[in-house]
Amino acid sequence: MSDLSAPITALKGVGEALSLKLGRLGIERVSDLLFHLPLRYQDRTRLTPIGLLRAGQEAVIEGEVTACDVVKGRRRSLLVRLRDASGILSLRFFHFSPAQQQQLRPGATVRAFGEARAGATGLEIYHPEYRLSGGSETPVDEYFTPIYPTTEGLNQPRLRALAQQALGLLDNAPEALPDVIPETLLQRFQLPGLHASLHLLHQPPPDVNIEQLTSGQHPATRRLALEELLAHQLSLREVRLRIQADGAPTLPSGRSLQARFLAQLPFALTGAQRRVLEEISHDLSRPAPMLRLIQGDVGSGKTVVAAMAALSALAGNCQAAIMAPTEILAEQHYRSFKAWFEPLGIEVAWLAGKLKGKARLDAKAAIADGRARMVVGTHALFQGDVHFECLGLAIIDEQHRFGVHQRLALREKGEAGGLTPHQLIMTATPIPRTLAMSAYADLDVSVIDELPPGRTPVKTVVVPDERRPEVVERIRLACSEGRQAYWVCTLIDESDVLQCQAAEVTRDELTEALPELAVGLVHGRMKSSEKAEVMTAFKAGELDLLVATTVIEVGVDVPNASLMIIENPERLGLSQLHQLRGRVGRGSTESFCVLLYHPPLSKSSRQRLAVMRETTDGFRIAEKDLEIRGPGEVLGTRQTGLAQMKIADLERDADLLERVSTMAQTLQGNPEITAVLVRRWLGEAAGRYGQV
Ligand code: ADP
Ligand code: MG
């Protein structure tokens with residue numbers, strides 16, 4: 001007798017070949033079978049009178065064979081006429097044996113299951129599952145029949161039998177799969193127990209509401225979804241607790257240094273920037289690592305906030321580092337920080353993948369011996385061969401591409417004194433509160449909910465591409481008045497190559513149409529030094545028009561650019577459009593965004609572009625985006641782990657999130673519960689949390 005935690009091969013009849021197939025479904029241990037839930041169910045719990053059957057319906061029927069003939073149509077088939085008291089129907093077999101023909105002879109009573117369809121002879125069932133029956137005294141199934149997600153070479157009866165075996169083992173040793181959600185919480189939220197839920201889902205009794213079950217609304221499904229969401233949250237909170245158990249340098253606010261910095265800025269901080277800075281100062285003054293996320297719409301001025309936080313670290317005799325997701329952005333930050341910090345006597349270092357040879361060695365040396373106080377770069381910053389003298393604060397810009405594991409890995413970068421750096425994460429993708437609670441359960445969240453004054457909202461127009469010549473004239477006009485413009489090319493094809501080719505073609509066309517303008521091009525396949533060169537030239541005003549692929553999406557700051565054309569905007573998500581559009585409207589002149597679409601537009605595309613025209617509020621756009629595309633896309637969940645959920649669905653189960661968050665607060669820090677749930681739901685990933 002095997003137990004639930006045993007590898008799947010411990011089950012009767014599961015050998016190498018079958019275990020490989022099960023592995024493709026993510027089933028490795030016996031207990032995984034229990035969490036491999038049916039996609040839908042068949043109702044074989046009752047006999048349906050033939051006369052009541054409709055096309056498209058799956059049902060068990062029973063009747064007497066009145067005729068059994070081989071018929072020659074386009075394909076030869078065996079046609080079996082079946083009659084009960086209410087009507088007549090045919091079973092049709094395209095593959096059949098003489099034995100079958102013999103078995104289904106007139107006078108036999110047959111019970112069959114399958115989907116009725118409108119066929120040549122009226123209602124027909126093709127290749128039904130069937131058996132001869134002695135009459136209606138033969139019992140029907142006691143439960144609904146589960147249909148599982150499966151893979152090639154693995155049939156439903158096989159999977160069903162395996163699930164049954166697993167349920168049997170569960171009944172024999174219920175303690176092997178403990179229900180760790182306390183009874184009181186289950187009652188408060190009116191949820192069934194774990195074992196009852198699993199039984200119900202694998203073997204629904206005939207009185208179950210089957211629609212509720214298939215749509216995932218049944219309490220049994222919701223109970224499991226809740227447990228899974230809870231496991232994710234607890235694992236994030238576990239990471240948080242682990243990091244916060246480390247010491248961190250207590251940092252002074254560094255007011256005098258900050259004051260000198262602010263004095264050089266041509267503007268004053270907004271109220272929201274100041275409020276968020278207070279929150280950060282409070283965190284930095286404590287001896288545990290800060291884990292804070294700043295959400296702030298495009299252009300809300302997150303970089304200055306980052307700089308102020310960095311100054312606290314520097315005043316506390318620590319180094320600060322800021323990491324950006326792309327080299328273009330990292331270079332831009334490097335330029336900003338150099339311009340801001342060097343006048344204050346602070347050395348700023350730069351490190352990215354492309355930095356090679358001696359320059360790289362020099363940068364690493366300056367970081368390691370502490371000459372470089374402020375370090376700017378890409379992912380390269382947090383790789384194994386980079387050592388800091390004393391990293392007090394790590395700032396991660398545009399967190400999308402930075403996950404929990406990297407967050408944990410940062411613990412090693414404090415190095416001197418064994419202290420863990422504070423972490424500040426910045427994102428321009430505002431997400432609704434409940435979702436933020438799930439995705440960022442390991443972080444405290446601050447919101448910069450105010451744009452700097454004097455910004456005129458970007459005016460957005462939606463224009464069909466047959467009016468392209470007018471749009472080109474518009475660029476001519478804007479640039480002749482000394483302003484600059486972006487032209488963004490998109491392609492539905494994911495292929496980088498095609499997208500870059502399209503951008504090259506567009507650049508050539510626009511160069512020809514606008515001979516008096518200096519036209520530049522950036523795309524993802526250019527060397528990063530080339531990209532940076534073009535961006536620098538654009539920023540310096542040497543280029544009037546920049547043709548780009550979506551590589552310019554995040555963070556690029558050229559205040560004099562006041563016109564953006566986005567080609568085929570219908571192909572992009574709203575949040576992405578919002579990010580792109582955020583590249584303009586950064587100066588004081590009125591800015592325009594032209595969404596140059598290719599007709600005809602689908603209804604939903606029309607709606608989405610209308611949202612862009614109507615609002616520039618990132619939170620509203622994010623909410624709409626969430627409605628239209630769902631949370632997976634919006635969050636970029638691959639990094640957060642929320643995409644790999646087995647049962648929960650952030651959209652369907654959105655109303656559970658609040659509850660999950662409350663539960664997680666109650667249960668966090670309880671190592672038994674967390675360990676069981678995280679292992680159960682996150683499996684191997686959980687092992688990794690354990691290691692760090
Ligand atoms: P984001 O939040 O999108 O990263 P940035 O930090 O790039 O935004 O800031 C956008 C622009 O706004 C920059 O040119 C920056 O100098 C400017 N800025 C930041 N804070 C203020 C402020 N309080 N008043 C005026 N301009 C500001
Ligand atoms: Mg930014």
Side-chain angles (χ1 to χ4, degrees), residues 258-259 261-278 280 292-311 321-341 343 376-378 395-402 424-431 445-458 483-484 486 535 538-541 551-562 564 575-589 591 593 616-619 621-622:
Q258 288 181 335
F261 167 68
L262 289 178
Q264 343 168 100
L265 290 180
F267 50 76
L269 296 182
T270 62
Q273 284 171 320
R274 272 183 280 132
R275 177 173 44 72
V276 169
L277 274 169
E278 299 260 303
I280 294 171
R292 186 169 289 280
L293 175 77
I294 302 183
Q295 284 194 43
D297 206 346
V298 200
S300 61
K302 294 184 289 293
T303 321
V304 172
V305 170
M308 289 285 282
L311 291 174
I322 180 165
M323 180 189 87
T326 64
E327 294 205 346
I328 291 188
L329 271 180
E331 280 210 60
Q332 179 177 295
H333 281 329
Y334 178 54
R335 273 191 299 272
S336 305
F337 277 84
K338 244 167 97 105
W340 287 336
F341 283 13
V376 183
T378 58
I395 302 162
I396 296 137
D397 195 12
E398 312 295 351
Q399 57 73 46
H400 256 79
R401 313 169 203 198
F402 201 77
L424 184 65
I425 296 126
M426 308 198 290
T427 174
T429 309
I431 57 172
V445 179
S446 295
V447 183
I448 306 183
D449 51 6
E450 179 187 353
L451 290 181
R455 297 263 169 91
T456 352
V458 180
R483 277 171 285 143
Q484 290 166 283
Y486 294 100
M535 289 312 299
F538 188 59
K539 214 168 170 170
V551 295
I552 56 150
E553 186 184 341
V554 277
V556 177
D557 189 32
V558 182
N560 188 47
S562 62
M564 172 174 283
S575 293
Q576 203 180 0
L577 284 171
H578 178 64
Q579 293 275 328
L580 281 171
R581 184 173 60 180
R583 304 305 110 223
V584 291
R586 303 196 142 220
S588 47
T589 42
S591 294
C593 176
T616 52
D617 176 342
F619 272 94
I621 289 175

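Atoms considered below: every heavy atom in the structure, side chains included; atoms not considered: hydrogens, waters and symmetry mates. Both ligands and their constituent atoms are indexed starting at 1 by order of listing.
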Donor-acceptor contact below 3.5 Å, side chain Glu450 vs main chain Thr270: no
Minimum heavy-atom distance Ala309-Ile280, with the two atoms named: CB-CG2, 4.0 Å
From Gly301, Gly299, Ala306 - option closest to atom 3 (O) of ligand 1 by heavy atom: Gly299
Atom of Ala306, atom of Ile322 and distance for their closest heavy-atom approach: CB-CD1, 4.3 Å
side-chain contact (heavy atoms from CB on, under 4.5 Å) assessment of Val304 paired with Trp340: CA-CA 10 Å; Val304 172; Trp340 287 336; 3.9 Å; yes
Contacting atoms of ligand 1, where contact means under 4.0 angstrom from a heavy atom of Thr270: 23 (N)
For Val298, atoms of ligand 1 separated by under 4.0 Å from a heavy atom: 3 (O)
Heavy-atom side-chain proximity of Arg581 to Thr616 below 4.5 angstrom: yes
Gln484 side chain to Phe538 backbone, donor-acceptor under 3.5 Å: yes
Proximal atoms of ligand 1 relative to Ala268 (non-hydrogen, under 4.0 Å): 22 (C), 23 (N), 24 (N)
Contacting atoms of ligand 1, where contact means under 4.0 angstrom from a heavy atom of Asp297: 2 (O)
Which segment of Gln273 sits under 4.0 Å of ligand 1 when only heavy atoms are counted: side chain
For Thr303, the ligand 1 atoms whose distance to one of its heavy atoms is below 4.0 Å: 4 (O), 5 (P), 6 (O), 7 (O)
Leu269 and ligand 1 - part of the residue with a heavy-atom distance under 4.0 Å: backbone
